[in-house]
2 protein chains.
Amino acid sequence: MSDQAENVLNISNSWNAYHAQCPTRLMLNKIADKWTVLLLGLLEQETKRFSTLQRETGGISQKMLTQTLRSLERDGLIQRTVYASVPPRVEYSITPLGATLVAPLAAIRVWSEKHIEEVLAAQSAYDQVQNTAQQHPNVRKIVFK
Amino acid sequence: MSDQAENVLNISNSWNAYHAQCPTRLMLNKIADKWTVLLLGLLEQETKRFSTLQRETGGISQKMLTQTLRSLERDGLIQRTVYASVPPRVEYSITPLGATLVAPLAAIRVWSEKHIEEVLAAQSAYDQVQNTAQQHPNVRKIVFK
DNA sequence: CCGTATCCAATGGGATACTG
DNA sequence: CAGTATCCCATTGGATACGG
């Protein structure tokens, strides 16, 4: 209604308030996953085996590796290929669809590396103010205007 | 070392394997939060009050609203202002730093809306194959090559 | 109006043991 | 090698009640 700049982030506009099935929410939940982005990063360039992924992530449990890979496979973001050799060999690779997700994720990475210092500084400043405010419990240090 | 295209998502490159303090991980955890992005979207344009935010998110509990707003404030992404009026009034607005995060988040939103159909289709296809494979339990339907 | 404190159910994720 | 199955603890988040 207003002639302000468009609200580019307003998910509720396109989806009538918060909706559990909002595409953005679905994807954010994926990305929010501790291992998803890391695995996509590892698979971005080359096909890799299960054990290789486990080693290169450095500490993921078998359960979570399997679970995350399944989820990514189900979403069509990675491809799983089984070779009927002995011992069995399974390889994972990124799909064309998965590859298109790399750029948006990289944007997040770039922002994070560029602004992390500001965020950490803000956190320190905030914490310091809170610690200074040893007033009545239940009362935060606040800013009047 | 190789002369391939650079691995733009490889967080481990810059941070020596998976590191809990990797900036990208820190930010992804924020974003992963169920309400963070929604609140940033609501505050993107204009300052809003606590009760307004609660209403417009449509269903967030007081606890989570407070908690999420605190977290965003601590990170320097939003600003909290208290007016010493009766009854008290508290307003939240996005900071310049928070505003710079809008674009990367919008990129995720755009990707999601553009590719959600493919993802859902991939999921359906995957599920169908799994349901068809009523073989020995413990054996998934697999693809040989 | 804008919170904080507490209780409690659901979920997530690691460790471990076992299979084709 | 590449999983699956089970147990179990830590974290999450909603509901509720209370406070400045």
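Sequence lines set the chain letters: A, B, ... in the order given, protein chains first and strands last, and positions in each chain run from 1.
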Problem - By side chain to side chain donor-acceptor pair (under 3.5 Å) - contacts of A:Thr36 (at least two apart) - result: A:Asp33
Completion exercise
Between its two end axes (five pairs each) the helix from C:dC1-D:dG20 to C:dG20-D:dC1 turns, nearest 10 degrees, through 40°
Problem - Residue-phosphate contact under 4.0 Å: B:Tyr92 side-chain N/O, C:dC2 OP1/OP2 - result: no
Problem - With sequence neighbours excluded, residues passing side chain to side chain donor-acceptor pair (under 3.5 Å) with B:Gln123 - result: A:Asp75
Practice task
Report yes if a side-chain nitrogen or oxygen of A:Arg49 is closer than 4.0 Å to either non-bridging phosphate oxygen (OP1 or OP2) of D:dG3; otherwise report no.
Solution key: no
Exercise for the section: Would you mind telling me which of C:dC1, C:dG14, C:dA17 lies closest to the side-chain atoms of A:Gln62? Expected result: C:dA17
Completion exercise
The complete set of salt bridge (charged side-chain N to carboxylate O under 4.0 Å, His left out) pairs with one or both residues in residues 85-97 of chain B, sequence neighbours excluded, reads B:Arg89-B:Glu91
Problem - Non-neighbouring partners of B:Ser71 that pass side chain to side chain donor-acceptor pair (under 3.5 Å), sequence neighbours left out - result: B:Lys30
Problem - Closest-nucleotide ordering on DNA chain D, the 5'-leading residue of A:Pro87 and A:Thr66 - result: A:Pro87
Give me the distances for all protein-to-nucleotides 6-10 of chain C N/O pairs that come in under 3.5 Å?
none

Exercise for the section: Kindly point out which of C:dC1, D:dA2, D:dC1 is positioned nearest to the side chain of A:Val90? Expected result: D:dA2
Practice task
Please collect all ring pair (Phe, Tyr, Trp, His ring centres under 6.0 Å) contacts where either partner lies in residues 84-111 of chain B, sequence neighbours excluded, each pair once.
Solution key: B:Trp111-B:His115
Problem - Residue pairs fulfilling salt bridge (charged side-chain N to carboxylate O under 4.0 Å, His left out) with at least one residue in residues 115-130 of chain B, sequence neighbours excluded - result: A:Arg74-B:Asp127
Completion exercise
Hits for side-chain contact (heavy atoms from CB on, under 4.5 Å) against B:Ser124, two or more places apart or cross-chain, chain-then-number order -> none
